[in-house]
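A short write-up of the structure that comes next.
Any value given below was found using the heavy atoms of this structure, including those in side chains, with hydrogens, waters and symmetry copies removed. Below, chains carry the letters A, B, ... as their sequence lines are ordered, and counting in each starts from 1.
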Protein chains: 2
Amino acid sequence: MPADRPTIADVAQRAGVSKGLVSFALNGRPGVSPQTRDRILEAARDLGWQPSVRARALSVNRAFALGLVITRDPEIVTGDPFYPSFIAGVERELAPAGQALVLSVVPDEEAELAAYRKLVADRRVDGVFLTDLRHDDARIELARELNVPAVTLGHPETSSPFPAVSMDDRAGIEAAVEHLVRLGHRRIAHVAGPARMLHGSRRRRAFEEAMARAGLRAEMVVETDFRAADGARATRDLLARPNYPTAIVYANDPMAIAGLGVAQRAGLRVPDELSITGFDGSDVGEHIFPALSTVATDAVSWGAVAARVLLRSIAGEQPGDTDLPAARFVPRESTTRSPEPNPRADV
Amino acid sequence: MPADRPTIADVAQRAGVSKGLVSFALNGRPGVSPQTRDRILEAARDLGWQPSVRARALSVNRAFALGLVITRDPEIVTGDPFYPSFIAGVERELAPAGQALVLSVVPDEEAELAAYRKLVADRRVDGVFLTDLRHDDARIELARELNVPAVTLGHPETSSPFPAVSMDDRAGIEAAVEHLVRLGHRRIAHVAGPARMLHGSRRRRAFEEAMARAGLRAEMVVETDFRAADGARATRDLLARPNYPTAIVYANDPMAIAGLGVAQRAGLRVPDELSITGFDGSDVGEHIFPALSTVATDAVSWGAVAARVLLRSIAGEQPGDTDLPAARFVPRESTTRSPEPNPRADV
DNA sequence: GACGGCGACTAAACCGGTATAGGCTTCAGC
DNA sequence: GCTGAAGCCTATACCGGTTTAGTCGCCGTC
């Protein structure tokens, strides 16, 4: 029968000291003589002692874990390139800090709030990530009410007591529009994310402003739910209009790839007859034909920075807002000169 | 100042009984009179008492959480349709059972073993999922050594003390090959996953056997790492051969989509000049042109069943192996008759 | 009336750490 | 030689539950 894992009491006994002193020594606190400290550490090593996170959690009232709630229809979550990379970045920070990541995946916004409540009520986590911010996002008020540290991905609209880690996605959209305008496009459409989501409407506004700056009317905007099927439907809709676009700016890559499929199916040559751009740079977009021009966001470092900020919040610091390097437009093959004669003076 | 959250002692005091009895009443154990039980439950309700998972974890020596370690290069994890769906399925079982999911994402196999060790040493989890099984998978021995309940996705090669939850992916590959053979294809290639991974080599063997059954030689097989870039490279390689294939069976969808890109770039019409099939059904594959014929696996129920089995293991039952419905081949547009005259008698 | 047995309940130990009050030495200072 | 303070250490309470040993009162039985 294998011996039970040693506890701090076993270490104390072996080193001939009290439990309390062992705790002090192991946590590197003052008030322990060097010889005793060595003896204790040696005893701990000999016994193969490992601290019990459970016991520590109970006594110091911390969970040593962070919570992430992902709200997605199970069907949609597939193919979304953001979360896996984001989580990889989070993990990069958490592992060395001895923290764990507790993940919840829920189907809708109601279940989402319940999931946060549960995570906090069970004291499973010390802080939470708030991703995919929406207008009047109830989670901010909830986190405040639950008195749990949080970090938001992007600046919420309503005033928030939590630090924000943001990545300017407007710049990428603007660069995409400018790129298309420079190529002579005038009838540029946007397949937007859901308006209730902050990044959905923000990208849309960035699109509209960039169009306005170019002296163009942003009259072709279709709102979607970020799904590939939505991208296909929106594209069919746009191409059926009498004044169909010569270029489409999609709010994410899966929709752009689906849109490409629709265009090709309709017999349009991309990019010669229709230019398209994506967002968020999935690796598959790089390999389709034509390779997808897109806006690259660094989800991995977003995750890493957000985790770091959240850990600092939990530690009692008051980290300020952080702005990550802006998303970059990456021109590839799916964008080229407008097929139409360009009435404007060109560069 | 808001009152601290109530503990079991507060409930006991309000109900005028001892802590122990409260615990009994709340856990529905015998030895509590009906009236007292009601009084206790009412007191708990009045105070808004919620059990502390931490305290329970310490006293009953359980974590009330399950562990999942995902081993992926952060770049690759993107675009992989399996895990998000699998996790959604897991969550579906865990949430009602009051369990949480602790997720680790690590870059390589060495870090993977360390992550399992850490999860168990910290007593963060009561059981672990073993996904993406490999040949001579060290994790099985490790889990046995750590004495932690586990469930494997698929049957490992080495003998394993853990229940397996399997989905026959061979059937899907075989159906794909048979479908292609029926369409007159003879030079069928396979872009396989890594040989060290069980499902990589199993799908490859299924391919080879299906080919043999059709009287064909499986001479065009390229091993890859499941990445879109690998799929592109493998396709370029295959198409450059003197005896290039008329059909390619890919081990996953991202590679198939990348392969489609390569073929189109080379001026090949798909499916007329080259048929392709994917695996695992990403939603984007449905919307590209031509729509990708693929093998649909139900990752969501795989997750749900695996979670259920693992929970039963932890509860001390000895659940047997489970076989889920086999993966189904879903023909769409990317497969059609072979462009070559078919010497064989056709149906 | 003593006894046994049972149901309802309490007190206290326990899980494995941390935190705190206080005790014992030792040494400097007067 | 006495006092005070610093340094090192112990004992103990505590976190919030679960669990076990044991107490108490009541009933039926002989």
Side-chain angles (χ1 to χ4, degrees), chain A residues 3-41 43-44 47-65 98-100 120-124 126 315-316, chain B residues 3-41 43-44 47-65 98-99 120-124 126 315:
Chain A
D4 274 349
R5 72 177 352 215
T7 75
I8 207 170
D10 299 321
V11 176
Q13 191 182 6
R14 179 173 244 262
V17 296
S18 70
K19 271 173 65 178
L21 201 63
V22 173
S23 176
F24 277 28
L26 293 167
N27 292 315
R29 300 179 24 165
V32 187
S33 77
Q35 309 93 296
T36 312
R37 176 182 309 276
D38 290 348
R39 194 152 38 87
I40 291 173
L41 295 181
L47 292 172
W49 176 85
Q50 306 221 190
S52 152
V53 174
R54 283 179 201 161
R56 248 152 60 82
L58 182 61
S59 80
V60 303
N61 199 26
R62 295 245 292 114
F64 303 104
Q99 308 279 319
V120 175
D122 285 354
R123 307 285 228 218
R124 293 268 196 189
D126 299 318
Chain B
D4 274 348
R5 70 178 351 216
T7 76
I8 207 171
D10 299 322
V11 176
Q13 191 183 2
R14 179 173 244 261
V17 296
S18 69
K19 272 173 64 178
L21 200 63
V22 173
S23 175
F24 277 26
L26 292 166
N27 293 315
R29 297 177 30 160
V32 186
S33 77
Q35 310 92 296
T36 311
R37 178 182 307 275
D38 290 348
R39 196 152 37 88
I40 291 173
L41 295 181
L47 291 172
W49 176 86
Q50 308 224 188
S52 153
V53 176
R54 282 178 201 160
R56 247 149 63 80
L58 182 60
S59 75
V60 302
N61 200 25
R62 294 245 292 113
F64 303 104
Q99 308 279 318
V120 175
D122 284 355
R123 309 284 228 217
R124 292 267 195 191
D126 300 318

B/Thr7 side chain near B/Ser52 side chain, heavy-atom distance below 4.5 Å: no
Whole-Å distance separating the CG atom of A/Asn27 from the P atom of C/dT18: 5 Å
Bending between helix ends of the helix from C/dG1-D/dC30 to C/dC30-D/dG1 [5 pairs per end, 10° resolution]: 70°
Phosphate OP1/OP2 of D/dG16: any B/Arg56 side-chain N/O under 4.0 Å: no
Donor-acceptor pair present, B/Lys19 side chain and D/dG16 base, under 3.5 Å: no
Under 4.0 angstrom between A/Ser18 side-chain N/O and D/dT10 OP1 or OP2: yes
Interatomic distance where CZ belongs to A/Arg123 and C1' belongs to D/dG17 [whole Å]: 14 Å
Nearest to side-chain heavy atoms of A/Ser59, which nucleotide of C/dG16, D/dT10, C/dA19: C/dG16
d(CG, B/Asp122; P, C/dC15) in whole Å: 20 Å
Sugar-phosphate only, base, or nothing, as touched by A/Gln35 at under 4.0 Å among non-hydrogen atoms: nothing
Sugar-phosphate, base or nothing in reach of B/Val17, heavy atoms under 4.0 Å: sugar-phosphate
B/Leu58 CG to C/dG17 C1', straight-line distance once rounded to whole Å: 8 Å
Side chain of B/Val32 (C-beta onward), nearest among D/dA13, D/dG16, C/dC9: C/dC9
Atom pair distance, as rounded to whole Å: CZ in A/Arg29 and P in D/dC9: 15 Å
Given DNA chain C, 5'-ward residue of the pair B/Gly20 and B/Val60, judged by closest heavy atom: B/Gly20
Nearest-nucleotide pick for A/Thr7, side chain only, options being D/dT18, C/dG16, C/dA8: C/dG16
Side chain to side chain, A/Gln99 and A/Arg62, heavy atoms closer than 4.5 Å: yes
